[in-house]
Structures are given as structure tokens and as C-alpha cells.
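Okay, structure first, notes after.
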Amino acid sequence: MRERIIAGNWKMNTLPEEGAELAHEVAKAVKDIDNVKIVICPPATHLCHISNAIKGSNVGLGAQNVHWEEKGAFTGEVSTSMLKALGCQWVIIGHSERRQMFGETDEGVNKRLRHIVKSNIRPIVCIGETLEERQAGDTFKVLERQIRIGFEGVEMSGNSGVVIAYEPVWAIGTGLTATPEQAQEAHHFIRELLSEMYGSENAAATVIQYGGSMNEKNADVLMSCEDVDGGLIGGASLKPESFAAIVNASSMI
Ligand code: 13P
């Protein structure tokens with residue numbers, strides 16, 4: 001059976017002390033769950049605080065972005081070894097907000113991913129179509145481009161730890177969730193493509209999360225889809241009871 005992974009992307013929210021409190025609450029609420037991997041991804045400024053707040057718990061720590069070099073003249077960037085030094089085991093890359101507002105490209109995702117897979121840190125690679133792309137019937141074309149370019153030259157095996165998050169851009173922060181049929185169709189397409197690129201065994205072992213207005217009310221139906229293996233949660237990850245309810249729902253499927 002594939003792993004199940006629920007990750008909270010806090011985006012640019014909370015101050016460090018509040019974040020530590022939130023992390024503490026989350027850890028308390030999910031302490032008995034052992035069949036779902038639980039991750040929180042706070043802003044980079046909070047990593048040290050939160051690493052301490054979740055020490056000894058079953059909650060893992062992730063960052064929201066990382067550079068593809070280890071050090072050098074890259075103002076404003078952080079490296080995988082810096083993240084690891086603070087206890088991060090995970091990092092999100094290619095989020096649509098970074099693509100749309102900060103000029104990130106499939107090629108940039110590829111550079112990051114090539115570096116991260118050698119770094120003993122697990123990437124969560126975000127992909128997803130905009131509303132215009134969906135309405136134009138281009139969803140699969142967009143997902144295929146994002147994966148083919150993003151994964152170019154990346155070796156992947158069943159235990160490489162790469163996670164993909166399918167996040168339809170039109171569902172992010174809008175309260176509009178993909179229907180289970182839409183999610184399953186996209187996830188199935190992604191898995192078929194991975195199968196063509198990496199073989200069916202590797203594709204079958206790869207975790208594909210859904211993201212986009214996932215909450216405690218819709219988590220169980222989305223998680224019941226055959227190819228949905230987890231969630232990347234934005235807004236609802238800022239409320240410990242909602243995030244814990246999503247984790248709980250996922251643990252029961
Ligand atoms: P929301 O859950 O707020 O829609 O955000 C999803 C997301 O972007 C997670 O990365």
C-alpha cells in the first residue's frame with residue numbers, strides 16, 4: 001500500500017511564536033495517528049522555532065521553497081543543507097503561487113528537483129492547471145508539460161521519496177474544490193504518465209496529493225479516490241482542529 005501524506009502549507013501566515021503554538025496544537029491533536037505521514041510547512045523564518053515545538057512528535061517539518069545551489073551569491077535564497085540543519089525533511093517546490101507571482105518556471109522546478117533528489121530531503125512537486133487552461137480543454141497537456149520538463153533527467157525509483165501535489169489553480173483558496181471525479185481523473189493521468197516515464201512499479205509507489213480548498217468536510221471523499229494519496233492543505237492547515245480532522249479522515253480510509 002502507498003504511503004498517505006497530509007501536509008500543511010502555511011504560506012505567508014503567522015508570526016514565529018503563533019506558529020510554534022499552532023504547531024504544538026497540531027502535534028497534540030494528531031499524536032495517535034500512525035498510518036498517515038503528517039507534515040507542516042511554515043514560513044522559513046519559523047523553522048527553528050517550530051523544529052523545537054514538534055520535537056519528539058509524529059509531525060514532520062517542511063519548507064515552502066529552496067534554491068538549487070548549496071551556497072553562493074543568491075540573495076534571499078536558502079539551500080537544502082540550511083533547511084536540513086533546522087530539521088526539515090520536506091520541501092515544497094513549484095507551487096502555483098510561486099509560478100504566478102514570482103516567475104517560477106518548469107525549468108526552475110527541474111533544477112530544484114534535480115538537486116533535491118540528491119539531498120536526502122523529500123520534495124513535494126506542485127503542478128496544476130489554471131481555470132482558463134481547464135476551460136480550453138488543456139488540463140492534461142499542461143500537467144504533461146509540467147511533469148516532462150520538471151522531471152527531465154530526474155532518476156526516480158520507488159523509494160526516491162518524490163511526492164507530487166496536483167493543485168488545480170482554480171481550486172486554491174477559492175472554496176471551489178475539484179470533484180472527486182475531476183481529482184481522480186487528473187491523478188490517474190499523472191500516474192499513467194509516471195508509469196510511461198519510470199515504469200509501473202515506480203508509478204504505483206509514488207504519492208500524489210490533492211490540493212485546493214481541501215478541508216474537514218471534503219477530505220474523506222477526496223481521499224477515497226483510488227489515486228489520491230494525501231493532501232496539501234492551505235487555509236485549513238492554519239486551524240489545528242480542521243487540520244487534525246483532515247488527518248483523522250485520511251487515517252480511516
Ligand atoms: P487552500 O487549501 O487554501 O486552497 O490552498 C491550497 C494550497 O495552495 C496548498 O499548497
Side-chain angles (χ1 to χ4, degrees), residues 4-14 19 22-23 26 36-44 46-47 50 59-66 83 88-102 104 108-109 112-113 116 122-131 133-134 139 142-143 146-147 150 162-180 182-183 186-187 190 207-223 225 228-250:
R4 289 178 174 269
I5 306 172
I6 299 291
N9 175 8
W10 292 7
K11 307 189 180 182
M12 197 173 75
N13 290 296
T14 75
L22 171 56
V26 167
V36 177
K37 284 207 163 71
I38 305 153
V39 182
I40 52 178
C41 304
H46 302 20
L47 291 170
I50 291 179
V59 178
L61 186 64
Q64 298 175 14
N65 193 23
V66 72
L83 295 182
C88 280
Q89 309 101 339
W90 305 81
V91 64
I92 296 170
I93 57 170
H95 193 280
S96 63
E97 286 152 14
R98 295 215 55 84
R99 293 176 189 257
Q100 291 194 315
M101 291 185 266
F102 305 102
E104 280 195 17
V109 170
R112 289 178 172 81
L113 186 56
I116 296 165
R122 293 186 66 177
I124 299 176
V125 185
C126 300
I127 58 172
E129 81 287 357
T130 62
L131 184 59
E133 289 163 341
R134 176 162 282 265
T139 298
V142 170
L143 298 179
Q146 291 173 330
I147 291 184
V162 176
V163 173
I164 294 178
Y166 168 61
E167 299 205 299
V169 179
W170 47 271
I172 295 179
T174 58
L176 269 182
T177 317
T179 63
Q182 287 171 322
H187 284 229
I190 294 164
V207 171
I208 308 176
Q209 296 177 313
Y210 168 81
S213 299
M214 195 165 174
N215 58 38
E216 62 271 44
K217 295 195 188 82
N218 56 33
D220 56 347
V221 281
L222 286 162
M223 287 297 295
C225 299
V228 176
D229 313 311
L232 185 54
I233 322 297
S237 70
L238 296 169
K239 293 178 242 148
E241 62 289 350
S242 302
F243 188 65
I246 297 169
V247 171
N248 270 313
S250 308

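In this chain, numbering begins with 1 at the start of the sequence shown. Just follow the structure's listing: the first ligand is 1, and inside any ligand the first atom is 1.
- When non-hydrogen atoms are compared, ligand 1 lies under 4.0 Å from neither the backbone nor the side chain of Ser237.
- Inter-residue side-chain proximity for Ile40 and Phe243 is flagged as met; some heavy-atom pair is nearer than 4.5 Å.
- Backbone and side-chain nitrogen or oxygen atoms of Gly234 are examined, and one is located within less than 3.5 angstrom of a nitrogen or oxygen of ligand 1.
- Contact of the Asn65 side chain with the Ile92 side chain is not registered, since no non-hydrogen atoms from C-beta on lie closer than 4.5 Å.
- Residue Gly173 has at least one nitrogen or oxygen atom sitting less than 3.5 Å from a nitrogen or oxygen atom of ligand 1, judged on distance alone.
- At least one donor-acceptor pair under 3.5 Å links the side chain of Glu133 to the backbone N or O of Thr130.
- Separating the CD atom in Gln64 from the CZ atom in Arg98 is a distance of 9.0 Å, to the nearest 0.5 Å.
- Near Gly235, meaning under 4.0 Å from any of its heavy atoms, are these atoms of ligand 1: 1 (P), 2 (O), 3 (O).
- Protein heavy atom in closest approach to atom 7 (C) of ligand 1: Glu167 OE2, 3.1 Å.
- Contacts between Leu232 and ligand 1 below 4.0 angstrom, taking non-hydrogen atoms only, involve backbone and side chain alike.
- Heavy-atom proximity to Gly212, at under 4.0 Å, picks out these atoms of ligand 1: 4 (O), 6 (C).
- Close approach to Ser213 involves these atoms of ligand 1, each under 4.0 Å from a residue heavy atom: 1 (P), 2 (O), 4 (O).
- At least one donor-acceptor pair under 3.5 Å links the side chain of Asn215 to the backbone N or O of Asn218.
- In the vicinity of Lys11, heavy-atom distances shorter than 4.0 Å reach the ligand 1 atoms 5 (O), 6 (C), 7 (C), 8 (O).
- For the residue pair Glu167/His95, the side-chain donor-acceptor check at 3.5 Å is satisfied.
- Panel note: side chain Ser213, backbone Ala171; a donor-acceptor pair is recorded below 3.5 Å.
- Near Ala171, with a cut-off below 4.0 Å to any heavy atom, the atoms of ligand 1 are 4 (O).
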